[in-house]
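Mind looking over this structure? Questions follow.
Just so it is clear, the model here is predicted, and its values are computed rather than measured.
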Amino acid sequence: MSERIKHVKSIGNVFQDLGVKDADLHTVKADLGLMLIDLIAKRELTQMKAATLLGIRQPELSRLKGGNLSHYSVERLLGFLNRLSQRVEIKIKPSTRTRAAETVLAK
């Protein structure tokens with residue numbers, strides 16, 4: 001007989017679902033990290049070439065590509081995007097009664 005697996009519907013932020021402190025910050029960093037990884041892959045850059053473009057050492061790039069973003073601030077990740085010829089825009093809007101305040105990165 002199979003056991004029933006208990007599940008809970010996500011609220012839309014895996015870090016909040018797991019009870020991680022500063023969940024919104026982790027979400028923003030994860031989104032930026034994914035954008036960086038995607039850009040590097042689309043340009044078919046080697047880790048050495050990408051590291052040189054970003055102004056970091058190859059082991060740091062490897063850590064970033066592995067999803068270890070704890071060593072990087074949002075500001076630094078945005079700087080990496082700039083170095084990959086990306087224009088970064090930050091828009092602030094008041095929240096509405098129907099939408100709670102949140103941090104969202106447009107892709």
Side-chain angles (χ1 to χ4, degrees):
M1 193 181 325
S2 64
E3 291 184 42
R4 248 184 114 74
I5 299 173
K6 182 181 174 185
H7 68 279
V8 177
K9 185 173 180 174
S10 172
I11 59 174
N13 180 327
V14 68
F15 297 107
Q16 261 182 324
D17 291 342
L18 295 172
V20 174
K21 184 180 172 188
D22 299 323
D24 287 337
L25 176 63
H26 288 288
T27 300
V28 169
K29 288 170 112 179
D31 288 344
L32 294 172
L34 285 172
M35 286 179 198
L36 286 165
I37 292 165
D38 286 347
L39 283 167
I40 291 166
K42 283 179 185 172
R43 293 182 183 194
E44 299 179 353
L45 298 172
T46 65
Q47 282 200 11
M48 286 301 296
K49 180 68 175 170
T52 300
L53 283 171
L54 299 180
I56 59 177
R57 295 183 359 246
Q58 183 275 327
E60 287 184 76
L61 181 68
S62 182
R63 178 172 52 202
L64 188 145
K65 287 184 76 174
N68 185 349
L69 303 171
S70 61
H71 296 87
Y72 304 100
S73 66
V74 170
E75 182 179 23
R76 190 163 185 213
L77 293 169
L78 292 172
F80 291 160
L81 287 167
N82 287 149
R83 287 175 177 241
L84 291 172
S85 302
Q86 300 301 296
R87 187 173 126 192
V88 176
E89 294 180 5
I90 299 172
K91 294 183 180 186
I92 310 291
K93 297 179 182 182
S95 61
T96 64
R97 290 180 187 224
T98 57
R99 280 192 80 157
E102 61 182 325
T103 302
V104 178
L105 275 179
K107 296 179 183 175

Nearest heavy-atom neighbours spanning Leu61 and Ala51 = CD2-N, 3.8 Å
query = Arg87: what forms a salt bridge (Lys or Arg N to Asp or Glu O under 4.0 Å) with it, not counting sequence neighbours?
reply = Glu89
ask   = For residues 25-57, which residue pairs qualify under ring pair (Phe, Tyr, Trp, His ring centres under 6.0 Å), counting only residues two or more places apart or in two chains?
value =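 Output for this query lists Phe15-His26.
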query = Do any pairs count as a salt bridge (Lys or Arg N to Asp or Glu O under 4.0 Å) and have a residue in residues 67-83, sequence neighbours left out, and if so which ones?
reply = Glu60-Arg76
For Thr52, side chain to side chain contact (heavy atoms under 4.5 Å, CB included) partners two or more places apart =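 With sequence neighbours excluded, Thr52 shows a side chain to side chain contact (heavy atoms under 4.5 Å, CB included) to no residue whatsoever.
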query = Among all residues two or more places apart in sequence or in another chain, which pass the side-chain hydrogen bond (donor to acceptor under 3.5 Å, both in side chains) test with Asn68?
reply =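 Once residues adjacent in sequence are excluded, the partners of Asn68 under the side-chain hydrogen bond (donor to acceptor under 3.5 Å, both in side chains) criterion are Ser70.
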task = Keeping to residues at least two apart or across chains, list the ring pair (Phe, Tyr, Trp, His ring centres under 6.0 Å) pairs with something in residues 43-70.
result = none
note = To the nearest 0.5 Å, atom CZ of Arg63 lies from atom CD of Gln58 at 11.0 Å
request  = Quick one: pull up CG in Leu77 and CG in Asn82 and give me the separation to the nearest 0.5 Å.
outcome  = 11.5 Å
message = Suppose the criterion is salt bridge (Lys or Arg N to Asp or Glu O under 4.0 Å): which pairs have a residue in residues 40-53, not counting sequence neighbours?
response =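 As it turns out, there is no salt bridge (Lys or Arg N to Asp or Glu O under 4.0 Å) pair with a partner in residues 40-53 once direct neighbours are skipped.
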query = Tell me the ring pair (Phe, Tyr, Trp, His ring centres under 6.0 Å) pairs involving residues 40-69, sequence neighbours left out?
reply =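 Qualifying pairs: none.
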Spacing of Ile40 atom CD1 and Leu45 atom CG [to the nearest 0.5 Å] =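 So the CD1 of Ile40 and the CG of Leu45 are separated by 6.5 Å.
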message = Give me each pair satisfying ring pair (Phe, Tyr, Trp, His ring centres under 6.0 Å) with a member in residues 52-73, each pair once, sequence neighbours excluded.
response = Tyr72-Phe80
message = Just to verify, what does Leu81 make a side chain to side chain contact (heavy atoms under 4.5 Å, CB included) with, not counting sequence neighbours?
response =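 Leu81: side chain to side chain contact (heavy atoms under 4.5 Å, CB included) contacts with Leu32, Met35, Leu36, Leu39, Leu78, Gln86, Val88.
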